[in-house]
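Worksheet: one structure, shown below.
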Amino acid sequence: MIKRPKKYSVFSLVKNALSYHENWQPAWRNPEIKKEYDAIIVGGGGHGLTTAYYLAKNHGIKNIAIVEKGWIGGGNTGRNTTIIRSNYLWDQSAAIYDHALKLWEGMSQELNYNVMFSQRGVMNVAHNLHDVRELKRRWNANRLNGIDCEWLSTAEVKKFCPVINTSPNIRYPVMGATLQRRAGTARHDAVAWGYARGADAMGVDIIQNCEVTGINMNNGNVTGIETTRGTINSKKIGVVSAGHSSVIAKMADIKLPLESRPLQALVSEPVKPIIDTVVMSNTIHAYVSQSDKGELVIGAGTDGYNSYSQRGGFNIVEDTIMAIVELFPLFSRMKMLRHWGGIVDICPDASPIISKTHINGLYFNCGWGTGGFKATPGSGWVFAHTIANDQPHALNAPFSINRFSSGELVDEHGAAAVAH
Amino acid sequence: MLLINCPYCGEREQEEFTCGGEAHIERPQNPPDLTDDQWADYLFLRQNIKGLQYERWNHAFGCRQWFNVARNTATDEILAVYNMGEKPPQLESNDPLTPCGEPPIGSGNFSTSKK
């Protein structure tokens, strides 16, 4: 057993400064695997960690293992563009994403871990009459659902974000924008580390470098999993493996309505503060914000074919950069520093699946596609409820896997920040 | 970016093509008799394979012909191109070593030790 620092504070910082910061303890244990757990979470990304955290915190189930094939936060949690917002069109989505946003607002305090949540606002820009109508419809829908949203005219857009090009002579001129001021960004790694530390402190075993190779079942009930580090038994298994959800589902002979595709992002060299909000444009497919390090964080699109290779086509990056440069001509000579891809699991209706399955004790939380980061705490909150009570929370009931048979789809293609 | 060998035009960049998804999904013979679950299976459920996948492509910005491609989705290697209506070729694919393991090429995630 290693010793964990109980609480981070200015005093622990000063104390450790005196020993040149050489005596900080790891934030979570590296535990021995037990034979049996009350629940196993497959996937140690943000959604898996929050699921375990809220299972322990809200439902008193503390004998939990999180199995992760790589390392904590090494998958899509460390590959996204860190944008958080809740301005979705439909009531079902608005409810779950806004629940998540409320949890973001108290997260650093709750976890005693600075996730650098910054409510700098997210602007969705309109470039033609259709965009204006569509975004105004979403603005009204948001207001009806109690979600803060404003409409900005072109002049107000320029005032809010002075570096944007509002010339009427560009190919896709800025004709206005919606603004959600409560939206913003957070440090993605810190979210994973904070929740891992919080879950570990409540007794959750975080098992890294442990890959699931099979799901054991008996008479329609799950009994455990096979992993590269042996068999682990449990009567409840929650799968939160994002891009690899179909791979895990296949082990239980389940077919999911998912397509796994590469989604790319890139960051520039760090520069002085230039853009203090998040700008998104669906029509020209660009979104950009600036990290606290000074890098521009730019999101590209998904490739048009299925792949698990964690790399996408250069043409996708090229298209995104073209759009960014049109909207922000002053970025045209910036150098890009890093560029990567993550594998996202996309549902036909661009909404997630947080659901029971026909196998007792097997639950899936997947299909977050290109926009799962913002939902991290809310997703774990409702998935923990689903696992603990064997029935969905009111917030995730509409996101059952059965909606593909019943036809009650939650079509959020329009509210994705950019089309994928 | 993939280089795809169109059976009609030869090797072209993937930008000229659109992918039509999983191949060999047959439209049900008797649509009125289908249950909702069978419709869901036909319309929405996909194998989403990691490894050898048979898929349809369209040379949208070229000859506009449809054809099939066998591709390893773990490495993006194109293994065969064959015409619509043909049976999928039997191929030895370089499947991942473990069900969700990482292949030797094509992936940035080498976290799992290989057997």
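Numbered from 1 within each chain, the chains take letters A, B, ... in sequence-line order.
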What distance separates [X] [atom1] from [Y] [atom2], expressed to the nearest 0.5 Å?
{"X": "B/T73", "Y": "A/R261", "atom1": "OG1", "atom2": "CZ", "answer": "12.0 Å"}
{"X": "B/E16", "Y": "A/N315", "atom1": "CD", "atom2": "CG", "answer": "11.0 Å"}
{"X": "A/F314", "Y": "B/M1", "atom1": "CZ", "atom2": "CE", "answer": "8.5 Å"}
{"X": "B/F44", "Y": "A/L256", "atom1": "CZ", "atom2": "CG", "answer": "14.0 Å"}

Segment of B/Q14 engaging chain A (4.5 angstrom heavy-atom cut-off):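 Only the side chain of B/Q14 comes within 4.5 Å of chain A.
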If you compare all heavy atoms of B/D36 against all heavy atoms of A/S405, which two are closest, and at what distance to 0.1 Å?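 Minimum heavy-atom contact is CB-O, 3.5 Å.
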State, to 0.1 Å, how close A/S246 and B/Q47 come at their nearest heavy-atom pair, and which atoms those are. CB-O, 4.2 Å
B/N48 and A/S260: side-chain donor and acceptor closer than 3.5 Å? yes
Within a reach of under 6.0 Å around [atom1] of [X], are more than 12 heavy atoms found that belong to other residues, nucleotides or ligands?
{"X": "B/F61", "atom1": "CZ", "answer": "no"}
{"X": "B/E11", "atom1": "CD", "answer": "yes"}
{"X": "B/E86", "atom1": "CD", "answer": "yes"}
{"X": "B/Q38", "atom1": "CD", "answer": "yes"}

Please flag which part of A/L258 lies under 4.5 Å from any non-hydrogen atom of chain B: side chain, backbone, both or neither.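 Both backbone and side chain.
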Given a strict heavy-atom distance threshold of 4.5 Å, which part of A/L409 is in contact with chain B: side chain, backbone, both, or neither?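 Side chain only.
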Winner by heavy-atom pair count (cut-off under 4.5 Å) against chain A, out of B/I49, B/L43, B/T18, B/T35: B/I49
Where does the angle between the aromatic ring planes of A/Y305 and B/W57 fall among parallel (under 30°), tilted (30 to 60°) and perpendicular (over 60°)?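 It falls in the tilted class, 30° to 60°.
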Between B/R46 and A/E259, is any pair of side-chain heavy atoms under 4.5 Å apart? yes
Would you call A/N306 and B/Q53 a side-chain contact if the rule is heavy atoms closer than 4.5 Å?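 Yes; the side chains approach each other to less than 4.5 Å.
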